[in-house]
Each structure stands twice: as C-alpha cells, then as structure tokens.
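Below: one structure, written as structure tokens.
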Amino acid sequence: MERLDPRVRIAVVILMSALCFLLRHPATIGAAFAVVLLLWRAVGLEWGQLLAGIKPLRVVFVLIITAQAFFFPGDTPVRVELPRIGLLTLPVTLEGIGFGLMLCLRVLVLACTVPILTSRTSIDRIVLALTRLGLPYRAAYTVTTALNQIPVLRADFATISAAQRLRGSSAFDRGRFLQKVRAYPALVVPLVMTSMRRATLMSVAMQSRAFGSGAARTSIHTLSFRRLDGLILLAAMILFGVLAAVDRVL
Amino acid sequence: MLPVPEHHVAAAVTFHRFSYRYPDSPRWALQDINLRILPGEFVAVIGPNDAGKSTLCKCLNGIVPHFEGGALKGRVRVHGLDTRSHQVAELARHVGLVLEDPDAQLFAGTVLDEAAFGGENLGMEPDTIRTSVARALRAVGLRGFEDRAPATLSGGQKQRLTIASLLAMTPRVLVFDEATSQLDAEGSRHLMELVCRLKLRYKLTVIVATHDMALASAYADRVLALEAGRLAAFDTPERVFAGPDPSRFFRRAGGAASGRTAAVAADPLVDRCRIDVDALRCEYPGTVAVDDVSAGFAPGEFAGIVGRNGSGKTTLFKAIVGLLEPAAGEVRVAGRPVRTLDPSELVRRVGYVQQNPDHQLFADTVWKEVAFGPVNQGLDRAEVEDRVGRSLEIVGLPDKAQEHPLALGRSDRSLVAFASVLALDSAVILLDEPTRGHDVEGSRRVMEIACSLRDAGRTVIAIGHDLGLLCEYAERLIVMDAGRIVADGPTSEITREQTDVLEAAGVLTTHGAPYELAGAFADDMYDEEQICG
C-alpha cells in the first residue's frame, strides 16, 4: 500500500467525495460508507483511529439533524412537545429528520475518506502527486503541512485547557452556555498565538532551507504509475459507477 | 564541495558598520557592528536577553532583513555575498541556521524527506541529494532513522536532524540560535561535541548564540559579547571572561542587578499543605513514564527535580495536579487523594506554572491576565486587586500591569504566567523549568522568588536543567532517571557524595575540552567519510 501511486489515492478520495453528494438513496450511501470502511482497513488504519476521528463530529451531527428537522420543507409533522418561542412555531418534520440523517451520513463518509489519503504514505509523495496534478508547489505544501500540524494543535489545545483549568476556570467543564462562550478566549487566544508563533518560526526554518529558491524543484521520490495502480483506479471507478447507477434505479 | 582556503585571509563573515532596527521598533536591535569571523572559527555569541544575539544570527542567512523587514545600515557579507542583495534561499547554500525550538524546524513526514528538503528546493539532482543526505545523516549519527517520523525523535535527535538537513546542503557556516536551550545537560553537551567534530572535519565556521557560560568557554575560539545591540567584546574566552565584570554580559540591559523583586512577606494565613506521592506509576500508550515513585513534600520546603528530558519529571507534576490518572499508586494533597479533590480546592492548594507561558496568556492586559485565577475563584474586587498587586510585586512587574502580555518579551511573559499562578495563592507551587527563556540574571531572579515563597511557608518544587543553579537555591534535590527517583536528599549531600548517580542520570554539565573529545567519539556511530565531495 505504501507504494500505491498517491495520485490514485487522490483520485479515489475526490471520486468518493463527489459520489457522496451525488447519491440520493440511504442504501447506496450506506454502501459507499462500507466501501470507505474497506479502504480504511486496506490502507492499514485502525478502527480505534476511526472512532477517535468520529467522536468530535457528534456535535456537528446533532446540529445538522436539529437544523434540518425544523427547517427542511416537509409535510409529515412529528408531534413533539416544545416550548413555544414567542409566536414562532416551527413544525418538526419527518422529512427533515430523514434529510438530516442523510447529511450526517455524507459528512461521515467524507470525514472517513480524508485519512485514507494521508495514511502510510509520506507527505512528500502527496505533495509531489499534487504538483504533478497541476497544483502550485507552495499551495500543495501548505495543504499538507497544515494536515501535518493537526496532531500538534490537538496537543497544544490539551495543554492550554489544562493550564486554564488549573487557574480555576471550570467554565469549560460545567459552566452554562454563556459562561462557556465567555471562557472561550482563554482557550482560543493562546492556541492561535502559539500556532502563529510556531508558523513564523517554521517559515524562517523553511526559508533557511531554501524554500522558494526559484529553482525548479526536484524530488527524491519518483512517481510511477504501475499496472496495479491502474487496476485499483479502474476497480474504484467501476464500483463507484455501479453505486451511482443503482442509486438512479432506487 | 567545501573549499579549504590556502590562507585564512578571506573572512567567512564580516559585519561592516552594521545597524539594524525591526519594523515598528524605536530602538536599534544592532548598532554599528564591525567584525570579522574567520573560516573554521567557533564563535560563541553571548549577552543578556534583548542584547541582539538572535538578531545577529538571523542576519547571517538573510532572514534579517528579507523576512523581518525593518531598517538597516552598513552591510553583512558571508563568504563574499552581501546579505542585502542575496535572497535567503541563495544564502542557504552557504549558511545553515538552527533555531531553539526543535519542533518548529521539522515539517516533513520522514527523516529522509526532512533531510532532502533543502536539496530539493535548490533543484539538485535526486541522486546527488540522496548521496549528500545519506552522508549528512551518518555524520550526525542518524543513519537507520530514514523512515522514522521526525515527531517521534527525542529533542536531541531532532536538533541533530536539523543539523543534518542543513549539512545536506553543504553549507560553510553553521549558526545556532539558542539551539541547546531546550535540551538537557547531557543532550546539550552531546550536541556541542558533535558540532565541534563537524567543525574540525569540514572546516565549518560555527556561530553559537547561548546563555551558557560554561558552553561558551569550553568550545569557543572567540567569544562575541553583545550589550544593548552593541559589540562589547570580541576576544578569546579567557580574555573576555577575565575582563572587568564579565557577568554583565549575562545581565539584562539597563535593569537593576537585583532587588527588582519584592520579598514575600511571611504569611501566617497560608494554608500549609503536604504533598505525598505514594508508589506512583504513570503510563502513556506503550511507555511507563513514572515508575514506583514515592516522595513527600513538607510545607516550607524548596525541592529541585533534575533528570534527562523524558525521565518523568513533568509527568510527575501532571500527576500531582490530577491531570493524569495514575496506573498505580496515588498522590495525596493535604492527606486526601488528589482525584477526590474538588477542582476549586485543588487550585487553592497547588499552583502549577507550566513550561511555556504562551500556553496560557490570553488577556489584553497583564493585570487582567493575573486576575483571571482570583476572579475564577469568586473573590470580591478588593481581594482580586490585592492578589494581583501582590503577585506582580513579587515577580517585579508592577509597572507593566497595563501592558499587553503578548507584546512582552519571552522572559517577561514567563513572569506574567508565574504571577498569574501566584495570584491563586496556592500553598504549593510547582515550577516546570521556570528559568527557560531567561538570561542568567533573570534565572537568578526566578530562583530568588522561589526562595522567598518557601520562606513564606509555601512548598516549592522546581524542575530544572541547570543543576548548578538549582543547587545554589534548593535545599533538597531529587534526581530522576527513566521514570524512577534515583536519588533524593539534601542538595549538598547528593552533589558531594552521589556524583556517580548525577553522572548516570545525565545531569552533570561538565563541558569537556573539544579537541580531546573529538577524538574520543564513539566511532561506530559517526562515519569518517567526507560529507561533501
């Protein structure tokens, strides 16, 4: 898998992302999710990583479903006892909940697709693939470096929230909503400032190593599109085609 | 190819009537600098914080002025190239710059890619890059690490990788801007020994900015002392350090030598509290960070903890404040297990000053920053004002109360973070490398604050890398090695009778004579082959 041409990975990820929004039937989106899970294993990712990746999305899912339940134009109202807000009453519709669930499933498929791109391959190979596909080198490097920084940001965030908690701030744990909002600068400002300081240092370090020298950039990696790469790409395209076709019929 | 000049006439680096001012700064960071550094020289750049050491380093590869902007006068030449008319990327072929923070300099996915990054940017042939990368990795002892992710390396290995990634571009000058300050004593010594060896073998010019006087006098051919942006001395270490009051090069410019910090009045109201660590074991996935550690800390005690990076010091602190769930054993604060303490009660008992002040500063004035804790504790306004006032007094920043904490220098930011924890009025103060980012005088001030807190009846526990400094102030010393406490007792006793333990734990800071060391290297680790050509 490490030797898989990263261009194939990029193509598969782009196809999968497009497919997610093309498919309209829950069964086919479900099938697409199953395919993603198979790919997840195929590139050597663990189930534990999957759960860790999905966990933070819970809030997003709740927001999506709630918003769609109220605002999606549907005509099967669901009886729920809700406090009336002034004169405004919005019916919760079954279609809305259904659409919300579908949207969540799409987000889930997308979120699980991205790590497939980056696992078990060097960032350099992906950068090379992106530049071969026509993306300017600086842009490609920015994207991949940003991806690389996610675990660092996560670690920073943990340290920062520990520091503020040890200064007696309990608003993040059990405060009311407004208190939480008010407490946010204590988390976000240090996070942004540390990242900016690090980004400045990093750009000094990169320039010190001739980044942006103007010379045509070379790479110690070579990309070779082998027969196996072609077969995998073809198989993915056929599978996605079948899914799209089945989706039309259903 | 590294050219060896026939006569050492052509200078490697020249500064000619050079002055530089950062954008938006009223002050010249460097003023009228004139100097010549010869090829193959090892120059240590010393001076207090804000004297211009880091700026001088950044002038050498054109980061100043091309990246920083600002105004400059005069010129800097590196191997004949004027840094004003040559871009950073061009100068990178000649000058390599190693920064303080090992993490900020590594951005590739593997060690191999990291080392190849420079060559690729210069458009070198892939085969040439592979050869020079292999040689550079061998030269720094990282052969066999090619496929590792840089993030998984130790601090010392990371700095060696940064050096390798610069060596692969075959520079003639290597510049280190405080590059050892995040390493432990042993790591810092190993790195400097490696640099000496590379210098001798490849006739590299080495320029090292440092606060470490022992390092400067052990390795440098010449010491360049800066004072408020001006060249104060440039001579052999013997002459510079024998000159009148050499300690001024480690002192803050314009600051009073001492007495800036207020002594803490003995406070009978301090809620005295014991900390007991009992057979503590803490694990991270795949490693045991703290193993079978037991220790008790009494009120009015100042204990120093030393040990290599990764020996479990910070993990122990995290367990004491309940940030980590122990795998076995427990921590008791005032007789009660830490996990049963209410967060607000814990805060009142234990204050934890973390390593990096930037992980907690967020307010728009120093005053508000320091008030954050007391306000969270639900104190009334008068009490908050009193606490903030006292805390700022203790760290010596009462006149900076209305300044923006993020606009302050590194050492003042550390002091603000320190004050913000002091304002919690905790009975126990944990200090994780409190002197990092301070110059020698600043470090002493921090230690004096710690002593005055102890004298006021608080318990102070400090992690430090500078054994000499800790020994001067802390009456008790705990030595950690590989997650265990290997020595614990009165400082004087341990430093007198257990030097072998200190040696084994890698905390002794004896820098050796570099030329003897160069021969005494573990030769299986470092390859004899030429790096270039």
Side-chain angles (χ1 to χ4, degrees), chain A residues 118 121-128 137 141 144-145 148-149 151-152 156 158-160 162-171 173-174 183 185-194 197-222, chain B residues 58 61 63 66-67 87-90 92-93 95-97 99 101 103-105 107-110 112-113 116-126 129-130 133 151 162 165-166 169 318 321 323 343-344 346-347 351-352 354 356 358-363 372-374 376-377 406 420-421 424:
Chain A
T118 51
T121 184
S122 95
I123 297 281
D124 248 41
R125 279 170 60 85
I126 297 176
V127 172
L128 185 59
Y137 173 72
Y141 213 88
T144 49
T145 313
N148 228 6
Q149 285 295 304
V152 182
D156 276 345
T159 316
I160 291 163
Q164 306 303 39
R165 198 165 290 155
L166 292 172
R167 289 164 80 195
S169 175
S170 54
D173 307 324
R174 40 177 197 174
L187 293 182
V188 175
V189 173
L191 188 68
V192 171
M193 292 312 294
T194 357
R197 276 183 211 279
R198 192 179 297 115
T200 311
L201 280 179
M202 202 173 256
S203 72
V204 167
M206 287 169 86
Q207 291 198 32
S208 304
R209 276 149 70 189
F211 186 72
S213 71
R217 200 174 191 273
T218 51
S219 175
I220 52 166
H221 298 284
T222 46
Chain B
K58 287 192 218 138
N61 74 339
I63 293 291
H66 298 297
F67 181 83
Q87 291 301 311
V88 179
E90 269 176 279
R93 286 175 186 273
V95 187
L97 174 66
L99 304 169
D101 183 356
D103 295 307
Q105 306 175 69
F107 27 79
T110 65
L112 181 68
D113 288 334
F117 183 77
E120 293 177 335
N121 286 330
L122 291 172
M124 284 159 66
E125 286 298 318
I129 299 175
R130 281 188 175 277
V133 163
T162 305
S165 65
L166 296 168
M169 297 165 73
K318 285 186 174 169
V321 291
L323 287 176
S344 64
L346 179 70
V347 166
Y352 179 18
Q354 305 204 31
N356 186 349
D358 297 333
H359 278 146
Q360 64 168 78
L361 302 183
F362 73 98
F372 181 69
N376 286 333
Q377 287 176 310
L406 296 169
S420 75
V421 172
L424 298 165

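Letters go in sequence order (proteins before strands), and every chain restarts at 1.
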Honestly, the part of Ala162(A) sitting under 4.5 Å from a heavy atom of chain B is both

Scored by heavy-atom pairs under 4.5 Å with chain A, the best of Ile63(B), Asp103(B), Asn61(B) is Ile63(B)

- Message: How about CZ on Arg217(A), more than 12 heavy atoms from neighbouring residues, nucleotides or ligands closer than 6.0 Å, or not?
- Response: yes

Worksheet entry | Plane angle bin for Phe362(B) and Phe372(B) - parallel if under 30°, tilted between 30 and 60°, otherwise perpendicular | perpendicular

Interface check, chain B: of His221(A), Arg198(A), Gln149(A), most non-hydrogen pairs under 4.5 Å belong to His221(A)

Scored by heavy-atom pairs under 4.5 Å with chain A, the best of Arg93(B), Arg130(B), Lys58(B), Glu125(B) is Arg130(B)

Okay, Met193(A) and chain B: the region with an atom under 4.5 Å from a heavy atom over there is side chain

task = May I ask you to check whether Tyr141(A) and Phe117(B) place their ring centers less than 6.0 Å from one another?
result = yes

Notebook entry, point to check: Under a 4.5 Å cut-off applied to non-hydrogen side-chain atoms, are Pro190(A) and His359(B) in contact?
Noted result: no

Honestly, the part of Thr222(A) sitting under 4.5 Å from a heavy atom of chain B is neither

Turns out that what part of Asp358(B) lies under 4.5 Å from chain A's heavy atoms comes down to both

Whether Gln360(B) side chain and Gln164(A) backbone form a donor-acceptor pair below 3.5 Å:
no

- Query: Would you say the side-chain atoms of Gln105(B) pair up with the backbone N or O of Leu99(B), donor to acceptor, closer than 3.5 Å?
  - Reply: yes

So, the part of Asn356(B) with a heavy atom under 4.5 Å from chain A: the answer is side chain

Practice task
With the side chain counted from C-beta on, respond yes when Arg209(A) and Phe107(B) share a heavy-atom pair under 4.5 Å apart, and no when they do not.
Solution key: yes

Scored by heavy-atom pairs under 4.5 Å with chain A, the best of Ser420(B), Gly123(B), Gly351(B), Gly118(B) is Gly123(B)

The interface call for Leu122(B) against chain A, heavy-atom contacts under 4.5 Å, is both

Greatest number of non-hydrogen atom pairs under 4.5 angstrom with chain B, of Ala163(A), Ala205(A), Ser208(A), falls to Ser208(A)

task = Determine whether Asn376(B) and Val347(B) make a side-chain contact, defined as any pair of heavy atoms from C-beta on separated by less than 4.5 Å.
result = no

Counting heavy-atom pairs under 4.5 angstrom with chain B, the leader among Ile126(A), Asp156(A), Thr145(A) is Asp156(A)

Answer whether the closest heavy-atom distance between the side chains of Asp113(B) and Ile220(A) falls below 4.5 Å. yes

Applying a strict 4.5 Å limit to non-hydrogen atoms, the region of Tyr352(B) in contact with chain A is side chain

message: With no hydrogens and no angle check, just 3.5 Å: does a side-chain donor-acceptor pair link Gln354(B) and Thr159(A)?
response: no

One option among Glu90(B), Met124(B), Gln87(B) has the most heavy-atom pairs under 4.5 Å with chain A, and it is Met124(B)

Answer key: most heavy-atom pairs under 4.5 Å with chain B among Val189(A), Thr218(A), Leu166(A) is Thr218(A)

Okay, Leu406(B) and chain A: the region with an atom under 4.5 Å from a heavy atom over there is both

